[in-house]
Asks: 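For reference, the structure I am asking about is given below.
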Amino acid sequence: MSTIEMKKKVVAIAPRDWKGNPFVRLFATAIESQNYKVENFSWKPTKIIFNDIAILHWPNEFFTQKNGTQTIEVLFKILIMIISRKFFSVKFFWVAHNTTPHEMKKSSHLVRRAFISNIDGIIYLSNASKSLVEACYPECTAKRSLVTKHGHYRDVALTPPSLPHLNANRPVEIAYVGLLRQYKGVELLAAAAADPFVNSKIRLKLTGRIVEHALLNVLHTAAAHATNIALDIRENLLTDEEIELAVDESDAIILPYTKIVNSGVALYALSRNRPILAPRMGSLEELQNDVGTRWVHLFEGEISAHSLENFISELKAAPPSKEPPLSIYAWSKIAREISIFIDSF
């Protein structure tokens with residue numbers, strides 16, 4: 001085999017790794033398994049020209065409002081994309097996790113369109129995300145795309161997962177694990193859990209890093225008035241060990257989000273054999289169809305005491321007896337799909 005035949009394509013991923021988000025590392029490792037040379041992406045022209053493929057996870061700078069200097073920097077990046085594509089045949093792919101960065105104002109129409117026009121292909125993690133992105137940015141419908149899955153987290157388990165042990169003689173242990181932010185609905189969950197209609201049937205633990213400190217008083221007040229709510233609020237990100245332990249100590253994980261497209265938390269909980277309660281929005285209905293209603297329970301509208309009551313009743317009536325079927329969320333399958341897609345350009 002010649003040197004040319006043996007040379008691996010260089011795939012630069014932004015980011016290649018990200019502390020606190022194992023999805024990024026799993027994604028990069030999966031791509032690497034397909035015989036590519038994987039590197040961390042850099043906007044430096046002297047580095048980009050040596051890439052064959054660039055994969056951008058959260059290119060937020062093209063989707064949020066900027067001041068004058070920042071706008072110039074963003075336009076310079078678009079110029080780099082144009083030159084890299086035209087003269088060095090670099091292919092750019094956007095992993096469209098969501099339509100806009102959470103809780104940020106949209107950028108100008110021209111900046112977004114300039115970015116999207118210089119993307120060669122789009123990778124979606126669900127059919128729902130494809131529909132939402134194309135509805136928000138109609139120009140994306142003209143782009144070649146792949147709909148794959150958000151991979152599971154079984155491959156990074158620190159300890160073997162076990163099934164929850166529901167006991168009719170004690171309250172159901174429910175938990176929220178993750179960043180504490182307004183759009184994630186944690187204050188709504190605390191209020192629902194404290195409701196007299198359900199508070200004797202559940203114990204709720206909220207664990208995570210506080211991002212919006214305005215929530216602190218709300219959560220502390222809720223916990224002070226409800227003996228069934230416990231708080232473990234941090235200023236720093238949880239370690240992998242702490243996340244795994246927080247999930248494993250629960251019987252079920254609650255996602256009280258007020259908006260969501262794809263959810264890594266949902267896949268993480270299922271990877272630890274924990275059923276979830278989540279809103280009927282984004283890709284979560286697809287997840288329910290794939291995994292089953294015993295594992296993915298959905299509520300309408302905002303989280304409420306009524307939805308918690310329904311959830312624990314369903315759990316006790318039909319507790320999980322074996323691990324959830326996550327084979328179509330396996331990284332080996334996702335890696336092959338992405339490899340076929342990017343090699344087709």
Asks: Does the Tyr137 side chain pair with the main chain of Thr99, one donor and one acceptor, at a distance under 3.5 Å?
Replies: yes
Asks: Between Glu286 and Asn127 (side chain of the first, backbone of the second, donor and acceptor by atom type, cut-off under 3.5 Å), is there such a pair?
Replies: yes
Asks: Would you kindly say whether Glu244 and Thr159 are connected by a side-chain donor-acceptor distance under 3.5 Å?
Replies: yes
Asks: Under the side-chain contact (heavy atoms from CB on, under 4.5 Å) test, which residues partner Ala226, sequence neighbours left out?
Replies: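 Only Ala194, Asn228, Ile229 meet the side-chain contact (heavy atoms from CB on, under 4.5 Å) criterion with Ala226.
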Asks: Would the distance check show the side chain of Asp251 and the main-chain N or O of Leu166 forming a donor-acceptor pair, the cut-off being under 3.5 Å?
Replies: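 No; zero donor-acceptor contacts below 3.5 Å.
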Asks: Can you measure from CD (Glu337) to CD1 (Ile123) and round to the nearest 0.5 angstrom?
Replies: 10.5 Å
Asks: Do the side chain of Thr258 and the main chain of Tyr183 share a donor and acceptor less than 3.5 angstrom apart?
Replies: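 Present.
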Asks: Other members of the hydrophobic cluster containing Leu110, with the 4.5 Å side-chain heavy-atom rule, please.
Replies: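 Its cluster partners, ordered by chain and number, are none at all.
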Asks: Asp343 and Tyr36: side chain to side chain donor-acceptor pair (under 3.5 Å), yes or no, with the steps?
Replies: CA-CA 11 Å; Asp343 281 349; Tyr36 299 110; 2.9 Å; yes
Asks: Using a 3.5 Å distance criterion without hydrogens, assess whether the side chain of Ser33 forms a donor-acceptor pair with backbone atoms of Ala30.
Replies: yes
Asks: Using only atom types and a distance under 3.5 Å, with no angle test, would you say the side chain of Lys259 pairs donor to acceptor with the backbone of Met281?
Replies: no
Asks: Is the side chain of His213 donor-acceptor paired with the backbone N or O of Ile210 at a distance under 3.5 Å, no angle test?
Replies: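 Side chain of His213 to backbone of Ile210, a donor-acceptor pair under 3.5 Å: no, none is there.
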Asks: Test Leu125 against every option in Ile334, Leu267, Val95 by the side-chain contact (heavy atoms from CB on, under 4.5 Å) rule and name the one that passes.
Replies: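 The residue from Ile334, Leu267, Val95 that satisfies side-chain contact (heavy atoms from CB on, under 4.5 Å) with Leu125 turns out to be Val95.
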Asks: Is it true that a side-chain atom of Ser339 and a backbone atom of Ala335 form a donor plus acceptor pair closer than 3.5 Å?
Replies: no
Asks: Spell out, as yes or no, whether a donor-acceptor pair under 3.5 Å connects the side chain of Asn40 to the backbone of Arg16.
Replies: yes
Asks: Tell me, which pairs form a salt bridge (Lys or Arg N to Asp or Glu O under 4.0 Å) where one or both residues lie in residues 193-202, sequence neighbours left out?
Replies: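 Every pair satisfying salt bridge (Lys or Arg N to Asp or Glu O under 4.0 Å) with a residue in residues 193-202: Lys201-Glu309.
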